[in-house]
Amino acid sequence: MIFDQEFETLPREGLEAIQVRRLRAVAERLYHTVPFYKKHFDEAGVRPESIKSLEDLKRLPFTEKQHLRDNYPFGMFATPMDQVVRIHVSSGTTGKPTVVGYTKGDINTWSELMARTVSAAGCGPGDIVHNAYGYGLFTGGLGFHYGAERVGAAVIPISGGQTQRQLMVMSDFGPTILTCTPSYALYLAEAAGDAGMDFKSFKFKAGIFGAEPWSEEMRQDIEAKMGLKAMDIYGLSEMIGPGVSVECIEAQSGLHVFEDHFLPEIIDPDTGENLAPGEVGELVFTTLTKEAFPLIRYRTRDITTLRYEPCVCGRTLARMGKIMGRSDDMLIIRGVNVFPSQVEAVLMDVKGVEPHYLLVVAREKQLDTLEVQVEVNEAIFTDEVKGLQSLENDIHKRIKDMLGVSAKVRLVEPKSIQRSQGKAQRVIDKRNL
Ligand code: DLL
């Protein structure tokens, strides 16, 4: 279902004309309202009035996470505080969080974008949305809440945690759409099994999963175990939260970027040069309609691709690939670049292995070591030592062949790796880099 028929299917020339107009307006507004941007533009020697085409975007300087830190908490806001009606933060793990603000208009835009998002997964009036993204400072819970209400669906604002209660609600209320992180979805499925329930007997038709990386192989596993269509959704607090891009249920092939609000680019993370469609690099976004917290060429650190062919669903919006990882959580192990999602893809292809794993990176005698801990199912775990040994060897070989690194593989007992109710932690890096 396409929520916004006009804007999601605009011919590209029409879309680009809107983008240029909005780009120039936001650059001008930031230049005059946010001291950081005035200085930043002046130092780069660009005047916002000189923006005449999308090509001119390249001349604008990047905004980095550090700039947001330097202006903590409200220094990047482009409206006075009496216009701000909501504050969220990004889910950083260390130090002070990044603070983001919304005007009434921003909340309205966000609700529209989330309405587009849930519609893309087939959610409309009559659906019941079991929303297990965290409510609070995290953008996930409230973002989905407003979008689901906007399309006329009924929302169960259950938030994360209290897994047993979640199962009771799922079984008694019959929700049709599940929204949570992919790792929490798997945990819910597992907990249902433990409680003697068959997750597939619930009424879910689709799940909208995101906020953390997950591989195509993980999708297949989730769909098979949970009996629903598993859709990928991407977003980040600095843009708006969830509601930046989403897959459509028709193709499940790339995430449609809501380009009339967020202008995407892919750059080489080392040189900052723009890359061609299809090339792998870092995603950069410019907000085109945000009022309280607009950003120009914000470096997300997320690694993916962009392509522009129209989709079978009818949307003309560019599609980004699944996020392969972040440039800052890419592991460099003995000089080889490894994304945790690549290891995940290898593991998920092995029979008997469960989608719960942990990568432990350390350094011994100046050499990096990678240990891959992965759970196996009960049947395999109770097998003889010989069977386990040969499975370990098999995984070791696959990782070596696919990624070019030697990993120590440790098969661990079912349910021994910590489950997450929000974003999963997959990597422990013990090196002091
Ligand atoms: O995670 C917003 C969100 C909520 C997205 C609910 C989707 C669903 P932050 O806490 O600011 O915002 O974290 C943003 O999470 O830069 C990516 O690194 C990662 N991320 C988000 N979605 C995906 C995804 C929310 N589908 C950061 N695949 C982003 C991979 C994702 N990584």
Side-chain angles (χ1 to χ4, degrees), residues 1 3 88 91 110-111 113-212 214 218-219 221-235 241-243 246-249 252 255 355 419-424:
M1 264 184 281
F3 181 77
H88 281 287
S91 53
W110 194 15
S111 308
L113 295 177
M114 286 308 293
R116 292 186 187 181
T117 299
V118 299
S119 299
C123 170
D127 278 305
I128 303 180
V129 178
H130 184 103
N131 187 14
Y133 281 108
Y135 280 66
L137 283 174
F138 177 55
T139 52
L142 284 168
F144 270 94
H145 188 103
Y146 278 58
E149 285 190 352
R150 181 63 63 101
V151 299
V155 192
I156 306 174
I158 194 151
S159 195
Q162 293 193 286
T163 303
Q164 294 310 317
R165 195 164 67 129
Q166 304 247 0
L167 295 177
M168 181 190 77
V169 166
M170 287 178 181
S171 133
D172 296 350
F173 298 5
T176 51
I177 305 282
L178 174 61
T179 56
C180 61
T181 58
S183 54
Y184 192 47
L186 279 167
Y187 181 28
L188 285 166
E190 182 179 80
D194 291 348
M197 299 169 160
D198 176 8
F199 201 97
K200 287 192 186 151
S201 70
F202 296 159
K203 296 218 177 89
F204 290 116
K205 55 183 190 190
I208 314 177
F209 305 130
E212 64 183 8
W214 54 307
M218 176 80 87
R219 186 216 301 276
D221 192 59
I222 289 179
E223 291 192 337
K225 279 192 177 132
M226 302 181 69
L228 43 69
K229 281 264 192 188
M231 317 295 301
D232 195 1
I233 167 172
Y234 168 87
V246 71
E247 286 176 333
C248 58
I249 203 152
Q252 280 183 305
L255 293 85
R419 301 293 184 258
S420 113
Q421 304 189 344
K423 302 194 187 214

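Note that the structure is predicted; figures quoted are calculated from it, not measured.
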(message) To the nearest 0.5 Å, what is the distance between CZ on Phe204 and CD1 on Ile177?
(response) 9.0 Å
(request) May I ask you to test the Ile208-Val129 pair for a side-chain heavy-atom distance under 4.5 Å? (result) no
(request) Evaluate the ring planes of Tyr133 and Phe144, with Trp represented by its six-membered ring, and classify them as parallel (under 30°), tilted (30 to 60°) or perpendicular (over 60°). (result) parallel
(message) So for atom OH, which belongs to Tyr146, do other residues, nucleotides or ligands contribute more than 12 heavy atoms lying within a distance under 6.0 Å?
(response) no
(message) Using every non-hydrogen atom in the two residues, find where Phe199 and Ala189 come nearest and quote the distance to one decimal.
(response) CD1-CA, 3.7 Å
(message) Within the structure provided, determine whether Arg419 and Glu190 are in side-chain contact (heavy-atom separation under 4.5 Å).
(response)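 Side-chain contact under 4.5 Å: yes.
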(message) Would you compute the distance between atom CG of Asp221 and atom CE of Met226 and round it to the nearest 0.5 angstrom?
(response) 10.0 Å
(request) Starting at CG of Leu228, measure out to NZ of Lys200 and round the result to the nearest 0.5 Å. (result) 10.0 Å
(request) Begin with the C-alpha distance, continue with both residues' side-chain angles, and end with the deciding distance and a verdict on side-chain contact (heavy atoms from CB on, under 4.5 Å) for Gln421 and Thr163. (result) CA-CA 9 Å; Gln421 304 189 344; Thr163 303; 3.7 Å; yes
(message) Let me confirm one number: the CE-OG distance from Met218 to Ser183, rounded to the nearest 0.5 Å.
(response) 7.5 Å
May I have the list of side-chain donor-acceptor pairs in residues 149-158 shorter than 3.5 Å, sequence neighbours left out?
{"residue": "Glu149", "atom": "OE2", "partner": "His145", "partner atom": "NE2", "Å": "2.9"}
{"residue": "Arg150", "atom": "NH1", "partner": "Asn108", "partner atom": "OD1", "Å": "3.4"}
{"residue": "Arg150", "atom": "NH1", "partner": "Glu112", "partner atom": "OE2", "Å": "2.7"}
{"residue": "Arg150", "atom": "NH2", "partner": "Asn108", "partner atom": "OD1", "Å": "2.9"}

(message) Quick check for you: to the nearest 0.5 Å, what is the distance between Arg116 atom CZ and Ser111 atom OG?
(response)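 Going from the CZ atom of Arg116 to the OG atom of Ser111 covers 12.5 Å.
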(message) Is the shortest side-chain heavy-atom distance between Arg219 and Phe209 below 4.5 Å?
(response)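 No, every pair of side-chain atoms sits at 4.5 Å or beyond.
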(request) Side-chain contact test, heavy atoms from C-beta onward, threshold under 4.5 Å: evaluate it for Met231 versus Thr117 and give yes or no. (result)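 SC-SC contact between Met231 and Thr117 ruled out.
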(message) Is it the case that the side chain of Thr176 and the backbone of Ile128 share a donor-acceptor pair, with hydrogens and angles ignored and the cut-off at 3.5 Å?
(response)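 Checking the backbone N and O of Ile128 against the side chain of Thr176, a donor-acceptor pair under 3.5 Å is found.
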(request) Please step through side-chain contact (heavy atoms from CB on, under 4.5 Å) for the pair His88 and Leu142, ending with a clear verdict. (result) CA-CA 10 Å; His88 281 287; Leu142 284 168; 3.8 Å; yes
(message) Is there a side-chain hydrogen bond (donor to acceptor under 3.5 Å, both in side chains) between Gln252 and Glu223? Walk through the geometry before answering.
(response) CA-CA 12 Å; Gln252 280 183 305; Glu223 291 192 337; 3.0 Å; yes
(message) I'd like to check Leu178 versus Gln166 (side-chain heavy atoms, cut-off strictly below 4.5 Å). Are they in contact?
(response)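 The answer is no; the side chains never approach within 4.5 Å.
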(message) Looking at every heavy atom in both Met197 and Ser171, which two are closest together, and how far apart are they?
(response)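 Met197 and Ser171 have their closest heavy atoms at CE-CB, 4.3 Å.
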(message) Could you check whether atom NZ of Lys205 has more than 12 heavy atoms from other residues, nucleotides or ligands sitting under 6.0 Å from it?
(response)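 Correct, the count exceeds 12.
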(message) Between Asn131 and Gly141 (side chain of the first, backbone of the second, donor and acceptor by atom type, cut-off under 3.5 Å), is there such a pair?
(response)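 Yes; judged by distance alone, with no hydrogens or angles, the pair exists.
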(message) Would you say that Gln164 contacts Leu167 through its side chain, given a criterion of any heavy-atom pair below 4.5 Å between the two side chains?
(response)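 Yes. Closest side-chain heavy atoms under 4.5 Å.
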(request) State, with a plain yes or no, whether a side-chain heavy atom of His130 is found less than 4.5 Å away from one of Val169. (result) yes
